[in-house]
Amino acid sequence: VSALLHFEDFPVGRKFECGLYEVTKEEIFEFAGQFDPQPHHLDEEAAKHSLLGGLSASGWHVCAITMRMFADEIILKTANRGGAGAREARWMKPVRPGDILRLDVEVVDAKPSQSKPIGFVTFDCRVFNQREQVALVSMTPIIAKRSAP
Amino acid sequence: VSPQYWDDVEIGMRRELGSYTFTEDEIIAFARKYDPQSFHIDPVAAKQSMFGGIIASGWHTAAIWMKLAIEGRKRDKDSGRAGPLRSGVSPGFEDMKWLKPVRPGVTLSYTSEVVDKAELHSRPQLGLIKSLNEARDGSGELVMSFVGKGFISRRPKGDAG
């Protein structure tokens with residue numbers, strides 16, 4: 001088992017590539033049926049006439065998939081004290097059945113706590129599809145333990 | 001009269017979206033797919049964690065907001081009340097905060113309040129609204145909040161309302 005990542009492993013400017021994640025039509029239907037049952041996520045014919053011009057994944061589904069890619073590559077490899085939200089997320093392009101997503105993240109802020117052996121790291125997150133279009137951008141903070149001095 | 005167009009929506013309008021009780025099975029099923037941290041998926045490891053037990057992924061708590069919001073819109077439609085003509089499309093959200101852990105058996109009540117609205121120069125047939133969306137537990141404590149954004153149809157020209 002390799003050593004866990006700590007606060008010191010996240011200097012501003014460090015980049016990570018996460019993914020890939022293939023989004024199937026079945027998974028789009030499953031998530032939308034459970035959490036976001038709107039026609040443009042569930043009904044191919046109705047979706048054609050919607051603002052997005054075809055079937056697309058729920059934006060919340062895209063957030064969840066982004067979390068999965070982020071967890072597999074960063075969170076689960078970090079001495080992590082939890083996250084507490086997301087500062088901002090923007091859905092830039094619809095995610096379509098068959099899309100293969102990749103998540104590029106870059107550390108844009110890293111501040112040690114003044115009182116505890118932890119630090120606050122903020123990642124700029126960009127989800128790309130296989131056409132190199134940005135589907136989602138977000139700013140995501142995590143709390144990481146500092147390595148022992 | 002319920003507001004139908006963006007033009008009729010007023011800042012301060014507030015809706016109760018209903019409540020939802022989280023079960024351990026659902027919490028684990030969601031997290032195994034999308035947020036497999038041990039305190040979301042493994043009851044034994046969760047006990048040893050800083051949370052002292054299984055808690056729901058914050059994204060699960062947020063997804064339930066969407067579910068209840070859609071159900072509310074459907075109830076309006078079925079009862080003949082004309083809710084806002086939503087496009088169903090959102091450009092995103094701001095300030096997603098997970099403030100308290102959501103444990104199995106917890107019931108959260110969700111609300112949505114309009115806090116801002118803006119015209120869209122790029123899409124004059126639509127307007128933007130921002131809503132403060134909240135989930136509170138049985139003792140009224142704030143558990144989750146975020147500012148959502150949505151596109152709503154504007155009143156067609158020539159329709160005096």
Side-chain angles (χ1 to χ4, degrees), chain A residues 21 27 30-43 46-47 49-53 56 58-72 74-78 80-94 118 135-143 145, chain B residues 20 26 29-41 45 49-51 55 57-71 73-74 77 85-101 123 125-126 133 143-153:
Chain A
Y21 194 109
E27 192 183 327
E30 190 190 346
F31 188 100
Q34 212 176 343
F35 300 110
D36 195 355
Q38 301 188 74
H40 50 282
H41 303 316
L42 283 174
D43 179 338
H49 307 291
S50 76
L51 206 57
L52 299 179
S56 64
S58 165
W60 298 104
H61 190 189
V62 181
C63 286
I65 289 169
T66 304
M67 181 68 216
R68 178 61 196 251
M69 293 191 281
F70 190 61
D72 285 344
I74 310 277
I75 300 276
L76 298 178
K77 296 179 179 174
T78 299
N80 162 40
R81 299 300 292 170
R87 212 158 294 155
E88 192 195 5
R90 282 182 285 148
W91 293 302
M92 311 292 287
K93 285 271 180 211
I118 57 172
L136 172 89
V137 298
S138 71
M139 284 294 218
T140 302
I142 69 163
I143 300 170
K145 285 188 193 171
Chain B
Y20 190 85
E26 274 178 305
F30 183 97
R32 286 178 73 95
K33 280 202 192 100
Y34 298 115
D35 194 354
Q37 303 184 68
S38 58
F39 46 78
H40 295 318
I41 59 170
S49 77
M50 62 185 148
F51 299 112
I55 64 165
S57 168
W59 295 111
H60 191 183
T61 318
I64 295 295
W65 174 85
M66 188 74 239
K67 173 187 168 70
L68 294 179
I70 299 289
E71 285 173 5
R73 291 174 207 170
K74 186 166 185 303
K77 207 176 164 194
L85 287 169
R86 289 175 180 274
S87 67
V89 174
S90 164
F93 58 82
E94 297 164 0
D95 296 327
M96 176 67 74
K97 291 176 190 159
W98 301 310
L99 300 158
K100 281 188 73 181
R123 292 180 180 177
Q125 76 281 18
L126 296 174
N133 303 309
V143 172
M144 178 201 77
S145 75
F146 68 96
V147 175
K149 301 178 199 173
F151 293 137
I152 297 187
S153 298

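Chain identifiers are assigned alphabetically (A, B, ...) following the order of the sequence lines, protein sequences preceding nucleic acid strands; residue numbering begins at 1 within each chain.
- When Lys97(B), Lys149(B), Met50(B) are compared by the number of non-hydrogen pairs under 4.5 Å with chain A, Met50(B) comes out ahead.
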Inset, instruction - Kindly determine whether His40(B) and Phe30(B) satisfy side-chain contact (heavy atoms from CB on, under 4.5 Å), including the steps that lead there. - result: CA-CA 9 Å; His40(B) 295 318; Phe30(B) 183 97; over 6 Å; no
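- Options Ala31(B), Ala69(B), Ser38(B), Pro36(B) differ in how many heavy-atom pairs under 4.5 Å they form with chain A, and the most are formed by Pro36(B).
- If you measure heavy-atom distances from Pro91(B) to chain A, the contacts under 4.5 Å come from the backbone alone.
- With a threshold of 4.5 angstrom between heavy atoms, Phe31(A) approaches chain B through side-chain atoms but not through N, CA, C or O.
- Proximity to chain A is absent for every atom of Phe51(B), based on heavy atoms less than 4.5 angstrom apart.
- Arg123(B) forms a cation-pi arrangement with Phe151(B), by the criterion of a distance under 6.0 Å to the ring centre and an angle within 45° of the ring axis.
- Interface check for chain B: of the options His61(A), Met67(A), Arg87(A), the most heavy-atom pairs under 4.5 Å are formed by Met67(A).
- When ring centroids are compared, Phe35(A) and Trp65(B) stay outside the 6.0 Å threshold.
- Within the 4.5 angstrom heavy-atom criterion, only side-chain atoms of Leu76(A), from C-beta onward, approach chain B.
- Proximity to chain A (any heavy atom under 4.5 Å) is restricted, for Trp59(B), to the side chain, taken from C-beta onward.
- Heavy atoms closer than 4.5 Å to chain A are found in both the backbone and the side chain of Lys33(B).
- If you tally non-hydrogen atom pairs under 4.5 Å between each of Ala89(A), Cys63(A), Ser50(A) and chain B, the highest count goes to Ala89(A).
- Put simply, the side chain of Ser90(B) gets close to the backbone of Gly92(B): a donor and an acceptor are under 3.5 Å apart.
- The six-membered or imidazole ring of Phe93(B) lies near that of Trp91(A), with a centre-to-centre distance under 6.0 Å.
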Inset, instruction - Could you check Tyr21(A) against Glu27(A) for side-chain hydrogen bond (donor to acceptor under 3.5 Å, both in side chains), going step by step and ending with a plain yes or no? - result: CA-CA 12 Å; Tyr21(A) 194 109; Glu27(A) 192 183 327; 2.8 Å; yes
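- Residue Gln34(A) comes nearest to Lys67(B) through the heavy atom pair O-CD, 3.7 Å, listed as atom of the first residue, atom of the second, then distance.
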